[in-house]
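Quick notes on the structure that follows.
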Amino acid sequence: MITNNLSIRKATRLILSASFFLLVIFFSYTSQAQESDGIPTDESVVSAGESLFKGNCAQCHDIHEVVIGPALKDVHERRPKEWLLKWVKNSQKVIASGDEYAVALFNEYNKNVMPSYPFSDEQVTSLLAYIKVESTKEPVKAEVAAAGDAAGVAAADDSIPSSYLTAIFVVLIVVLILILVVLGLIISVLRKYLNESSELNEEDVEVVNQKFDLFGLLQSNAFIGLVIFLFTAIVLKTLIDGAFTIGVQQGYMPTQPIAFSHELHAGQYEIDCNYCHTGVRKAKSANIPSPNICMNCHSGIKNVGGASGVSPEIAKIYAAIDYNPETGEYGNNPKPIEWVRVHNLPDLAYFNHSQHVKVGGLECQTCHGPVEEMEVVYQYSTLTMGWCINCHRETDVNTKGNEYYTNLVELHEEHSKEPMKVEDIGGLECSKCHY
Ligand code: HEC
Ligand code: HEC
Ligand code: HEC
Ligand code: HEC
Ligand code: HEC
Ligand code: HEC
């Protein structure tokens, strides 16, 4: 008994001290793992890093894929933190200092210059924290993200997507046909049953065996009258709609000389509209970008998804500016890319982008629709006078922080409780829109 007790006590003590020892090792190991690279993984730091990354880096970097710059997966293991701090603040300085790794990287990426960022050490650390956490995740498939987006848009719309409507419609038709078939079966069974039972008189037999006279129905006056009425109604409606849409090009979607996709550039890679349409905030015209702007990226990106060689669509950019991607030299025979104009108001109307986008604070999508989802751009709105006027009647003037409007707003508030609309500042005057 006693010896037994003793050995049990010894064993427990042994087990306890062993587990304590293991725990100590475990904790010292994990805390070391967190501290050794000096990059924390707290949620608040990571989410700060995420928004910095999306706002500043995402157009050139992905975690798992090469975009314009390298994939950043595990970059905190490739480079020491000190180096990364210096690099993000001023990569050109690191390259100029002769750092071997930096020079090699710069050459590998066709001497594309990464911008400098005036970030604090803390901010860069939060960026690295985000990259570190993302590095441990599996890459998200683009399709999944796109599907999620589409679902998000549909939900935000608060309406039933048209594909659902079609499905519901088809189901309804199938159910109707099934009901008809069942009814037909019931009729024939009933008829058989009644014919076999002997208690029917002449008249009932006639009713029971009555045939459905389709031909007679088709020839009846009521039916012919109905058909004529429907036909004239449809013709009239088409004519009237046609008359109102003469010259309206809504939905116009010409094929462009280069298969340039807004869905890819503005959607997937989130390149800002202003980056290419440089006039949109400061001039009447939004501008179509010159090939120089394409070359900021496409001197480096020669194809999609890291394939080798030059893709045929990108070769068209090089052909237009007479650029040789092998030697990096320009010839002297450039030809303009002949983009086909999609939106085109008649000369008699005046429309100014900066007035609407910068002063009015309107989103491009209000007038151009979800361009960032368009593989090929199309005309989303009607661009008729009625369209301009309607919006001027309904839209409040964006007066916030605009001193120009201070007096006008005071005057307006003296005689109206409604917010000031565009029509109140002369948005319906013929001469504002017509030369
Ligand atoms: C205009 C495109 C561009 C933007 C924006 C950009 N980078 Fe870069 N980055 C590059 C390129 C290109 C390289 C490759 C080196 C070179 O060519 O200078 C690079 C290299 C890097 C590297 C080194 C990668 C390695 O494999 O060693 C890091 C780290 C990095 N970038 C972080 C960032 C962070 C963080 C941001 C945002 C604050 C950012 N970059 C924004 C283009 C960009
Ligand atoms: C990488 C450059 C680039 C970016 C970013 C970009 N666009 Fe474009 N955009 C073009 C080019 C090139 C064309 C002419 C070819 C075409 O119609 O597809 C164009 C055409 C258009 C047109 C039709 C112009 C016409 O002919 O009437 C509209 C509208 C437009 N873009 C809106 C947008 C909006 C809105 C965004 C931001 C969500 C955007 N673009 C982002 C390059 C760009
Ligand atoms: C800010 C960077 C940037 C600019 C500016 C830019 N692109 Fe791109 N472009 C990309 C990226 C990133 C891809 C996709 C590469 C990938 O998926 O591997 C791409 C892909 C393409 C493709 C698809 C190539 C193929 O083989 O299908 C075409 C075509 C294209 N761009 C044309 C243009 C044109 C034309 C312009 C100028 C109006 C332009 N791009 C401006 C970044 C840019
Ligand atoms: C209030 C409506 C409205 C808004 C907001 C708007 N546009 Fe437009 N956009 C138009 C109209 C109308 C035209 C046709 C102009 C013409 O033919 O003179 C046009 C034409 C264009 C064109 C063809 C080239 C040109 O300048 O005529 C591009 C590109 C374009 N818009 C891009 C943009 C971008 C990018 C934004 C957002 C930053 C934007 N638009 C915001 C109404 C709008
Ligand atoms: C989505 C709404 C919207 C549409 C569509 C729209 N506008 Fe406007 N428009 C505005 C707003 C908002 C302002 C006021 C901007 C400001 O604060 O000066 C404005 C102002 C103007 C002005 C200056 C009016 C003034 O008294 O200073 C003109 C001119 C104009 N729009 C022309 C047009 C034309 C032409 C079209 C159609 C091709 C059009 N707009 C379509 C919203 C719209
Ligand atoms: C907010 C801007 C705006 C205002 C205000 C405006 N218009 Fe227009 N108007 C347009 C636009 C844009 C078109 C071209 C529409 C099209 O091509 O379908 C147009 C077209 C017209 C046309 C048709 C020309 C043709 O060839 O079909 C006439 C006529 C016209 N306007 C007269 C007027 C008169 C008169 C007034 C003042 C009572 C007026 N407009 C006020 C924007 C405006």
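Order of appearance sets the numbers: ligands from 1, and atoms from 1 within every ligand. Nothing fancy with the numbering, it's 1 onward along the sequence.
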Quiz item: For H353 and H356, what are the C-alpha separation, side-chain angles and deciding distance, and is it a ring-ring contact (aromatic ring centres under 6.0 Å, His included)?
Solution: CA-CA 5 Å; H353 267 99; H356 289 86; 7.8 Å; no
Quiz prompt | Subset of ligand 5 atoms that lie under 4.0 Å from at least one heavy atom of I425 | solution = 25 (C), 26 (O)
Self-check item: Closest candidate by heavy atom, reference atom 31 (N) of ligand 5, pool Q355, H343, H356
Solution: H356
Quiz item: Does any N/O atom on W339 come nearer than 3.5 Å to any N/O atom on ligand 3?
Solution: no
Quiz prompt | Identity of the nearest option to atom 13 (C) of ligand 3, non-hydrogen atoms only, from I288, L264, N292 | solution = L264
Quiz item: Below 3.5 angstrom, do we get any N/O pair linking H298 and ligand 3?
Solution: yes
Self-check item: Candidate with minimal heavy-atom separation from atom 5 (C) of ligand 5, of Y350, Y405, Y404, W387
Solution: W387
Quiz item: For atom 29 (C) of ligand 6, is some protein heavy-atom partner under 4.0 Å away?
Solution: no
Quiz item: Quick one: which ligand 3 atoms are inside 4.0 Å of a heavy atom on S311?
Solution: 24 (C), 25 (C), 26 (O)
Quiz item: Numbering the atoms of ligand 6 from 1, which are under 4.0 Å from a heavy atom of A349?
Solution: 11 (C), 12 (C)
Exercise. For G426, counting its heavy atoms only, list the atoms of ligand 5 lying under 4.0 Å from any of them.
Key: 26 (O)
Practice problem: Check whether any N, O or S atom of H434, backbone or side chain, sits closer than 2.8 Å to atom 8 (Fe) of ligand 6. | Solution: yes
Self-check item: N, O or S atom of C294 closer to atom 8 (Fe) of ligand 3 than 2.8 Å
Solution: no
Quiz item: What part of P346 sits under 4.0 Å from ligand 6 if we count only heavy atoms: the side chain, the backbone, both or neither?
Solution: side chain
Exercise. Could you list which atoms of ligand 3 come closer than 4.0 Å to a heavy atom of Y275?
Key: 5 (C)
Quiz item: If you measure every N/O of V359 against every N/O of ligand 5, is any gap under 3.5 Å?
Solution: no
Quiz item: Should one rank M385, K432, R393 by closest heavy-atom distance to atom 15 (C) of ligand 6, which comes out on top?
Solution: M385
Quiz item: Should D396 be counted as touching ligand 5, given the test is an N or O pair under 3.5 Å?
Solution: no
Self-check item: H392 and ligand 5 - part of the residue with a heavy-atom distance under 4.0 Å
Solution: side chain
Quiz item: Any idea which atoms of ligand 3 are less than 4.0 Å away from a heavy-atom of I68?
Solution: 2 (C)
Quiz prompt | Pair D121 + K89, salt bridge at N-O below 4.0 Å | solution = yes
Quiz item: Which of the atoms in ligand 5, numbered in the order shown and given with their element, are less than 4.0 Å from a heavy-atom of T366?
Solution: 1 (C)
Exercise. Show which atoms of ligand 3 fall inside a sub-4.0 Å distance from at least one heavy-atom site of E313.
Key: 29 (C)
Self-check item: Subset of ligand 5 atoms that lie under 4.0 Å from at least one heavy atom of C391
Solution: 1 (C), 2 (C), 3 (C), 4 (C), 5 (C), 42 (C), 43 (C)
Quiz item: At under 4.0 Å between heavy atoms, which part of N390 makes contact with ligand 5: side chain, backbone, both or neither?
Solution: neither
